[in-house]
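First the structure, in the form of structure tokens, and then the observations on it.
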Protein chains: 2
Amino acid sequence: MPGFKVPEITIQRLSIYLRALKKFTDEGILSSQGLARLVGTTAAQVRKDLAYFGEFGIPGQGYNIGKLKQEIRHILAVDKEWRLALVGAGKLGTALLAYPGFKREEFKIIAVFDNDPKKIGKKVEGITIEPVEKITDILLEYEVKIGILTTPADVAQSVVDKMIEGGVRGILNFAPVHLKIPEKIKLKNVDLSMELEALSYFLAKEAKHRKAKGRT
Amino acid sequence: MPGFKVPEITIQRLSIYLRALKKFTDEGILSSQGLARLVGTTAAQVRKDLAYFGEFGIPGQGYNIGKLKQEIRHILAVDKEWRLALVGAGKLGTALLAYPGFKREEFKIIAVFDNDPKKIGKKVEGITIEPVEKITDILLEYEVKIGILTTPADVAQSVVDKMIEGGVRGILNFAPVHLKIPEKIKLKNVDLSMELEALSYFLAKEAKHRKAKGRT
DNA sequence: TAGATTGTTAATCGATTAACAATC
DNA sequence: TAGATTGTTAATCGATTAACAATC
């Protein structure tokens, strides 16, 4: 099974498994069923996801928690340190810089950029804000491979182009715009409006059904 | 075709189609091919997604832009106003309150809660911060149906329980935790760590392949 | 009419679920 | 050994893509 093409959603679930496992000490055993219950999926799903990468369990027993954590860390490559750069030191950008979910040893934001002259030179979370013109040079110098984009939509594309020139290979984009990038670059979009609209759709549909059935 | 079960991913794409359409004036015609190119999908995908809801196009021509916008707005139920509440007035919460992607006519955040006595009574974006004990009452009073969760993980579940008691039916969760909710409640998780880890996995895999093939 | 594009059906692809031999 | 759970194969389910008659 290892070597097969791995679905992206499997990777996302590995991340969720790891988060759940972190609540346990390394000692002890957890079954696929046990892990599944913690994250809201099925035992078969857990075993299938892990099987893409190897055999980590003990038949009849389950998974050694410490070992499984370490294996998933290695698969996700969070057993090393990544250097990140963030562009767009607005409200969202500075909030992310301080956000515990983002402040992790494995993901070190080492540079912050903005195009507002009033912000340049100031510090956020101990990092001096640099002008966007320096993106390419600084990213090349520090070998930054992951970029975070929290600019307004209208400048996002030009920033992305600079990031890619600077050698970035993965981008986490919060700007509500479709970015054009070479196919070798990995792009993840976080679209908050989309999430709200999905909720809106779902609730409206549900309300309609309730009305149709005459319930409250 | 209308009446079929609609995949969630179709709803997400409708949201993206709408975002692209907003850049155009209502006059004029756009083909499925044209729209597909704007958002990075295929013409067949666009037509299939729309076909779940009706026939909005003109064979041989394409889609009337103004009409299509209005149809999608209606499908997503963003042609009405939703009242939202946000819990967790920390860095991320207050950033979201001010973030243009969130500040939309259709989604009015009308209440903000926190459990920090120092914050209660203060205003963020014109809204007075209330204590978490009041969540249930205030949500019931203002008939809030959508809740946004930006608390630390450890209090998220108890806050969600209060929201649901207050009549919320949809939740946008930023706390990195698996929430247990009744199945009738719609939950959308935004997991920033997961996104970063997916990038990490992808870049590490790519680096390994490059090394194996002896490329830079 | 000729050209273009829709809406829909059928074929393909890929992910999830179920089942079970292998293993501790 | 008996009981339990893994890893993997096969069956099922669901979404995407391709193809084309219907329509402007």
Side-chain angles (χ1 to χ4, degrees), chain A residues 1-17 20-21 24 27-69 71-72 75 183 194 198 201, chain B residues 1-17 20-21 24 27-69 71-72 75 183 194 198 201:
Chain A
M1 172 115 272
F4 277 48
K5 211 199 150 295
V6 182
E8 172 123 7
I9 195 160
T10 284
I11 301 305
Q12 295 181 359
R13 278 192 300 258
L14 287 183
S15 186
I16 290 167
Y17 301 158
L21 291 170
F24 292 84
E27 298 74 39
I29 295 279
L30 188 63
S31 68
S32 56
Q33 177 66 245
L35 181 51
R37 256 195 280 262
L38 287 170
V39 301
T41 183
T42 64
Q45 185 77 270
V46 167
R47 294 201 302 276
K48 188 98 226 252
D49 286 338
L50 295 172
Y52 284 108
F53 299 98
E55 307 188 0
F56 307 130
I58 313 156
Q61 309 286 309
Y63 299 85
N64 174 293
I65 292 176
K67 175 164 185 282
L68 187 55
K69 267 191 221 176
E71 292 286 1
I72 297 178
I75 293 164
E183 64 174 47
M194 189 182 78
Y201 164 80
Chain B
M1 171 113 273
F4 276 49
K5 211 199 149 294
V6 183
E8 172 123 7
I9 195 160
T10 285
I11 302 304
Q12 296 180 359
R13 279 192 300 258
L14 287 183
S15 186
I16 290 169
Y17 300 158
L21 290 170
F24 293 82
E27 297 75 39
I29 295 279
L30 188 63
S31 68
S32 55
Q33 177 66 245
L35 181 51
R37 256 195 279 262
L38 287 170
V39 300
T41 184
T42 65
Q45 185 76 269
V46 168
R47 294 202 300 277
K48 188 99 226 253
D49 286 337
L50 295 173
Y52 283 107
F53 299 97
E55 307 189 359
F56 308 128
I58 313 156
Q61 309 286 310
Y63 300 86
N64 175 293
I65 292 175
K67 175 163 184 285
L68 187 55
K69 267 191 221 175
E71 293 285 1
I72 297 178
I75 293 165
E183 64 174 45
M194 188 183 80
Y201 164 81

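We use all heavy atoms of the structure for the numbers below, so side chains are in, but hydrogens, waters and symmetry mates are not. Chain identifiers are assigned alphabetically (A, B, ...) following the order of the sequence lines, protein sequences preceding nucleic acid strands; residue numbering begins at 1 within each chain.
- Summarising the geometry, the separation between CG on B/Asp49 and P on D/dT16 is reported as 7 Å, rounded to the nearest angstrom.
- Taking the side chain to side chain contact (heavy atoms under 4.5 Å, CB included) definition, one finds that A/Gln61 meets it with A/Ile58, sequence neighbours left out.
- The minimum heavy-atom distance between A/Ile11 and B/Ala198, with the atom names listed, is CG2-CA, 4.0 Å.
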Tabulated below should be each protein N or O lying under 3.5 Å from an N or O of nucleotides 18-24 of chain D; please produce it.
from   : atom 1 : to      : atom 2 : distance (Å)
D/dA19 : N6     : B/Arg47 : NH2    : 3.4
D/dC24 : O4'    : B/Pro59 : O      : 3.4

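- Interface residues of residues 28-36 of chain B facing DNA chain C, ordered by number: B/Ser31, B/Ser32; criterion, heavy-atom separation under 4.0 Å.
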Q: With pairs defined as Watson-Crick or G-U wobble and both distances under 3.5 angstrom, please note down DNA chain C as a dot-bracket string, | for pairing with another strand.
A: ..||||||||||||||||||||||
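- In this entry the distance linking OH of B/Tyr52 with P of D/dG14 reads 11 Å, nearest Å.
- In this structure, of D/dT16, C/dT8, D/dT6, it is D/dT16 that holds the atom nearest to the side chain of B/Gln45.
- A search for side chain to side chain contact (heavy atoms under 4.5 Å, CB included) contacts involving B/Pro59 returns nothing, not counting sequence neighbours.
- The CD-C1' distance, from A/Glu8 to C/dC13, rounds to 17 Å in whole Å.
- Listed by chain and residue number, nothing satisfies the side chain to side chain donor-acceptor pair (under 3.5 Å) test with A/Asn64 (two or more places apart in sequence, or in another chain).
- With sequence neighbours excluded, the residues forming a side chain to side chain contact (heavy atoms under 4.5 Å, CB included) with B/Ala44 are B/Thr42, listed by chain and number.
- Applying the side chain to side chain donor-acceptor pair (under 3.5 Å) criterion to A/Ser32, with sequence neighbours excluded, gives A/Arg47.
- To the nearest 0.5 angstrom, A/Tyr63 atom OH is 9.5 Å from A/Ile72 atom CD1.
- Once rounded to the nearest 0.5 Å, the distance linking OH of A/Tyr201 with OG1 of B/Thr10 reads 9.0 Å.
- Distance, B/Ile9 CD1 to C/dT16 P: 12 Å, rounded to whole Å.
- For the side chain to side chain donor-acceptor pair (under 3.5 Å) test, residues two or more places apart in sequence or in another chain that qualify with A/Glu8 are A/Lys186, A/Lys188.
- If you check every strand for non-hydrogen atoms under 4.0 Å, B/Leu50 touches nothing.
- Applying the 4.0 Å criterion to OP1 and OP2 of C/dA4, one finds that B/Tyr63 has every side-chain N and O outside that range.
- The nearest whole Å value for the distance from the CG atom in B/Leu68 to the P atom in C/dT5 is 16 Å.
- By the side chain to side chain donor-acceptor pair (under 3.5 Å) test, B/Arg13 is found to be paired with B/Gln45, B/Asp49, residues two or more places apart in sequence or in another chain being considered.
- One N or O on the side chain of A/Lys69 and one on the backbone of A/Phe24 form a donor-acceptor pair closer than 3.5 Å.
- Across the protein-nucleic acid pair, A/Lys5 atom NZ and C/dC13 atom C1' stand 12 Å apart, rounded to whole Å.
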